[in-house]
Amino acid sequence: MSLDTIHARRSIRAYTPDPVSDAQIDTLLRAAMAAPSAGNQQPWRFIVIRDPAKKQAIADIHPHAKMTPEAAVAILICGDPSSGRYPLFWPQDCSAATENLLLAAQATGLGAVWCGIYPNDERVAAFRKLFNLPEAVIPFALVPLGVPGEQKPPADRFNSGFVHFEIW
Ligand SMILES: Cc1cc2nc3c(=O)[nH]c(=O)nc-3n(C[C@H](O)[C@H](O)[C@H](O)COP(=O)(O)O)c2cc1C
């Protein structure tokens, strides 16, 4: 993956009806699980969602995930803080996995968007119920993805004012 992939990644919220294969999803999940995590505890878990009824149900419970029914696949990234030695770091760990997944989508010609769930209590409760999650598992983010149905230019957000050297 080149730096171009990082700079070209944008949130893609429109998709063509083209399918996304299991092999493509496998590639994305391998990239997600290649992320760093505190103490290498890997608290991330994933649900791959293709069922149209489930995708519609997601659009009904998440106010900013209305694009989900159009996406070939949605991946629900969950955290299981009970599984490791550094339980407080699970949101950072899941963030790293989510970003890796987005970059892998970009690198393989797919379009995706990060839809936030945690720490919004209402969304957490709704996703917990919809996906029958075990008590210890927390829904973290949803990534709808598919063949891009929209193109966006790279966003140059470099701001030298955000950078300090040696001291604030
Ligand atoms: C934590 C987080 C939550 C987000 N939640 C949503 C969301 O619920 N729905 C959505 O359409 N985009 C969501 N986004 C995408 C942002 O709106 C988007 O990344 C931002 O506007 C920058 O645009 P870009 O991704 O195209 O560079 C989220 C992004 C992050 C990091």
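Read the numbers this way: they start at 1 and go in the same order the structure lists the ligands and their atoms. For the numbers below, each heavy atom of this structure counts, side chains included, while hydrogens, waters and symmetry mates do not.
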*Other than Y15, what residues sit in its cluster of Ile, Leu, Val, Met, Phe, Trp and Tyr side chains whose heavy atoms are under 4.5 Å apart, directly or through others?*
I12, M67, V113
*Whether F131 and F127 hold their rings parallel, tilted or perpendicular, with breakpoints at 30° and 60°*: parallel
*Could you point out which residue of Q151, K152, E150 forms a side-chain contact (heavy atoms from CB on, under 4.5 Å) with R10?*
K152
_Under 4.0 Å from ligand 1 - residues by heavy atom, chain and number_ = R9, R10, S11, R13, H62, H64, M67, V113, W114, C115, G116, R157
Under 3.5 Å, which donor-acceptor pairs link side chains of residues 33-44 to any protein atom two or more places apart or in another chain?
| unit_1 | atom_1 | unit_2 | atom_2 | d |
| --- | --- | --- | --- | --- |
| S37 | OG | Q41 | N | 3.2 |
| S37 | OG | Q42 | N | 3.0 |
| N40 | OD1 | Q42 | NE2 | 3.0 |
| Q41 | OE1 | R85 | N | 3.0 |
| Q41 | NE2 | G39 | O | 2.8 |
| Q42 | NE2 | N40 | O | 3.4 |

Enumerate donor-acceptor pairs with a distance under 3.5 Å from any side-chain N or O in residues 154-162 to protein atoms, sequence neighbours excluded.
| unit_1 | atom_1 | unit_2 | atom_2 | d |
| --- | --- | --- | --- | --- |
| D156 | OD1 | F158 | N | 3.1 |
| N159 | OD1 | G161 | N | 2.8 |

*Search all heavy atoms of I117 against all heavy atoms of P139 and return the closest pair with its distance.*
CG2-O, 3.6 Å
